[in-house]
Every structure is written in C-alpha cells, then in structure tokens.
Amino acid sequence: MNLPFIDLAAQQRRLRPQIDAAVAAVLDHGAYVMGPEVKRLEDRLAAFCGAKLALSCANGTDALALPLMAWGIGPGDAVFCPSFSFTATAEVVPWTGAAPVFVDIRRGTYTLEPAALEAAILDIKAEGRLTPRAIIAVDLFGQCADYPALAAVAQMHGLKLIADSAQGFGATLHRTHPIHWADAVATSFFPAKPLGAYGDGGAVLTDDAALWERMDSLRIHGKATTSDLVGASFSHEAKYLSARVGMNSRLDTLQAAILLVKLDAFADEITRRNRVADRYAAGLAGYVAATPSVIDGGVSTWAQYTIEHANRDGLAAHLQAQGIPTACYYPVPLHRQACYATYPAPGGLPVTESAARRVISLPMHPDLDGATQDRIINAVRGFNG
Ligand SMILES: *Cc1c(COP(=O)(O)O)cnc(C)c1O
C-alpha cells in the first residue's frame, strides 16, 4: 500500500463536522471577501504567537513581500536571506527592485548562520554597491532560526528582520515565538504547511501598528488608511483613494473559517508531530548520516522530517519501491538557480551545497500512527546503499 507523504485526509476526518459547520456559516452570511471570520482569525493568530497584530493575506509569498513594500525597500537595497529555502523567500526581493544576497546556513539545523550573515553584511558594505536594509531568516522544516543571535546582528547594522515562518508557524525558542525578535513574521497556509487551509493563504505578524496599517493598505490596492485621511476630506470608500501602489492580497473568508477550526486543533497537532519526530529519531539514529538537530531550547512544528544520507537518491528509490514516498527539499539551492545567478552569494555557501546533495524528507504529519511509522523506519534501516 502506498503511504501518503502528508495525510490531509486523516486530519479532515477528525475535523470534518466543524469544518462543514464553519463553511456553511460563511455560505449563510455571504461575506466572501473580508468577512467577519477574517478579523476573528487575525486576532487568534496574533494571540497564538504572542504578537500584538496579525494581517492575513492571499499567500505566504505576499506575506513576505508586504513588509518589504511597506518599508519602502527597493532598487539599490540588499536583503540577506538563506539560499537553502523555497524560492519564495528570495523571489519577493527582486519584486521590489532590491537584490537578494544569499547567506550560508548552520550545519545540522539548516537555518541562517549568524556568523555568515555578519560576514556577508560586511562584504556588501565594503563593496559599496548595495545598501543593506533587511534580513529574511527562514524557520526551515519547522524550527526557529537562531533569533537572539540574528536579532543582535540586525540591530548592530540597523537592519529590519523578517522571520519566514511559512514552515514554522507555532515554533518556539525558549518558549518564545519569533515575533519577540523579528520586526515581522510571515507565514503561509498552503495546505501542506503545518497550519494549512484548503487553498492558498498567508499572514504577517507584527507588534508595529504603523506597519500593520501600511500593509493593510498595500493588500487592498493601496487604499487610503486612517492616517492617510487625516486632514483630508474624502467621503467615499477608502479603496477609491489610492494612497500608494498596492496589490490584491486578501485571505478568502472561507479559508479564514476553515483555519479557525484548524487552529483549534493546532497546539495538539504540534505535540503529535513532536511525538512522531522523537520516534523517528529513536528508530533511525545510527542508521542514517544525520537525523535532525533542533536548536537548544527550540520546539519545532516539524513541517518536514529531514534526514541526511550519502546516497539520498538510492534511499528514495528503495523507499518508493515499498510504497513509501519521500521528498527532497531542496535539491538546487537558490544561488544555483538560473534566475538568481546575478545576485551575490559572498564567500560561497559550502554548508548549503552539501545539504542540497544529502537531504531527504520522510512522511511527517500529526496522524502518522506507530505501526505505519515503524514500517517506514524499518524500510530505511533495510537500505544498504
Ligand atoms: C511555502 C513557503 C513560502 C511561500 O508560501 P506560499 O503560501 O506558497 O506563497 C515561503 N517560504 C517558505 C520557506 C515556504 O516553505
């Protein structure tokens, strides 16, 4: 029998009655765009992660772009980010006209290495062509980057810090969420993420009310905000007074309603995911080149369970033959992709290059039962490649 990589059907079986009721409520009230569930979800997301404010939007990519746009980052600016990530982390930077600068990761956790970040900032400053403006750290595979160290670097150089928590919404470091250290936290509700909708969605968390207001304007076509209207006399709908060039990036009410149900189950799902991860670690240690390391004091949401193997592709074929799917995140680091070839990657990125050749992710979801997981563990152990 072929196993699912992420068993969304099992989750739906657990939550279906509540989801049906939530969807029916939206069909009944009919406010499909910016309906009451959207604000309710924003309040709940902020509370879940200890942020003052949350702003929902159409997807996780826009959630990264919105703070960059709101801060006026643009041509001539540098935004530092890891190369070992999904393309969305970097692609929003050229949207603004700025340049991504690719930085290496820490061995073991795959998150942005603060020492490499510092070196890259100094390199870009010395070169003098680009102005450092912001850092995007990624909570890769579900765990927090080293935010205390990254925030210290950001502060020293006067840079904004964004947490790309598309995979790590809900993750903590010393019981504290990334918003404690970051100026903005972006997340995604793509269905396969730990907190997934039934379509696209995203959100930005921030403690900065002025930033929230500018992003709220940008997500609705640059509509005039309360601050924009101070002293103005405009009696029509705010979106018909364009205060800035914005975009259309709203979260559908239906997705907000579904996410409210999923958020109720989310804390328990994080616990279950950690149980699955612990069982993998116990079963696989010594049989593969590396099982995942989590930063000291960190609790991961385990978006992925990623191991390393010298013959990663051989292991994938061996598991596939037994009906066990795997995935490779990410085989080609961003600085090696043709569309990013002209952007800097100071010092080369040796840890990134090595990880891209060796990583392989195993099935991971909160409904993975012990017997099924033992089947996966035994199959991995049985590979002699
Ligand atoms: C999924 C993901 C995104 C983008 O989210 P979308 O909702 O698909 O736009 C950004 N960064 C990382 C690290 C991701 O995994």
Side-chain angles (χ1 to χ4, degrees), residues 5-6 8 41 45 54-69 79-96 100 102-103 105-106 109-112 134-145 147 150 161-171 178 182 184-205 215 218-219 247-252 254-256 258-259 262 273 292 300-306 327-335 337 339-340 352 355-356 359 361 364-365:
F5 186 66
I6 297 176
L8 289 174
L41 177 70
L45 293 172
L55 179 108
S56 60
C57 60
N59 54 67
T61 309
D62 287 355
L64 289 164
L66 283 164
L68 296 178
M69 291 167 72
V79 177
F80 299 81
C81 67
S83 168
F84 196 58
S85 185
F86 183 54
T87 187
T89 303
E91 94 186 305
V92 295
V93 180
W95 285 7
T96 68
F102 294 107
V103 177
I105 49 169
R106 185 172 279 176
T109 63
Y110 310 109
T111 56
L112 201 59
I135 299 156
I136 305 177
V138 178
D139 296 337
L140 202 74
F141 303 147
Q143 71 164 312
C144 291
Y147 286 112
L150 295 172
L161 178 58
I162 298 180
D164 177 349
S165 216
Q167 302 179 14
F169 184 82
V185 175
T187 196
S188 164
F189 305 125
F190 181 78
K193 309 285 179 176
L195 180 60
Y198 287 156
D200 280 306
V204 194
L205 308 173
M215 295 192 297
L218 289 165
R219 78 171 155 172
M247 62 212 269
N248 177 1
S249 187
R250 296 169 299 226
L251 180 71
D252 288 342
L254 277 168
Q255 298 303 342
I258 290 161
L259 283 162
K262 293 223 191 182
R273 285 171 177 274
S300 177
T301 60
W302 297 105
Q304 305 297 340
Y305 191 87
T306 304
C328 177
Y329 308 111
Y330 295 92
V332 182
L334 301 179
H335 74 290
Q337 304 275 3
C339 65
Y340 299 118
T352 296
V359 289
S361 301
M364 164 55 83
H365 55 87

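These numbers were taken from a predicted model, which means no experiment stands behind them. In listed order, ligands and their atoms are each counted from 1. Throughout, residue positions are numbered sequentially from 1 according to the sequence presented. Atom set for the values below is all heavy atoms of this structure, side chains included, hydrogens, waters and symmetry mates excluded.
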*Assess the side chains of Thr87 and Tyr340: does a donor N or O sit below 3.5 Å from an acceptor N or O?*
yes
*State whether the side chain of Lys193 and the backbone N or O of Ala303 hold a donor-acceptor pair below 3.5 Å, judged by distance alone.*
no
_From Gln255 atom CD to Asn59 atom CG, the distance as rounded to the nearest 0.5 Å_ = 11.5 Å
*Is there a side-chain contact between Ser361 and Tyr305, using heavy atoms and a 4.5 Å cut-off?*
no
*Considering only heavy atoms from C-beta outward, does the side chain of Trp302 approach that of Pro292 to under 4.5 Å?*
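Trp302 vs Pro292: side chains touch.
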For each nitrogen or oxygen atom of ligand 1, which protein N/O atoms lie closer than 3.5 Å, and how far apart are they, rounded to 0.1 Å?
| unit_1 | atom_1 | unit_2 | atom_2 | d |
| --- | --- | --- | --- | --- |
| ligand 1 | 5 (O) | Ser188 | OG | 3.3 |
| ligand 1 | 7 (O) | Gly60 | N | 2.7 |
| ligand 1 | 7 (O) | Ser188 | OG | 2.6 |
| ligand 1 | 9 (O) | Gly60 | N | 3.3 |
| ligand 1 | 9 (O) | Thr61 | N | 2.9 |
| ligand 1 | 9 (O) | Thr61 | OG1 | 2.5 |
| ligand 1 | 11 (N) | Asp164 | OD1 | 3.2 |
| ligand 1 | 11 (N) | Asp164 | OD2 | 2.7 |
| ligand 1 | 15 (O) | Gln167 | NE2 | 2.8 |
| ligand 1 | 15 (O) | Lys193 | NZ | 2.6 |

*If every non-hydrogen atom of Trp95 is compared with every non-hydrogen atom of Thr61, which pair is closest and at what distance?*
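Of all heavy-atom pairs spanning Trp95 and Thr61, the closest is CH2-CG2, 3.7 Å.
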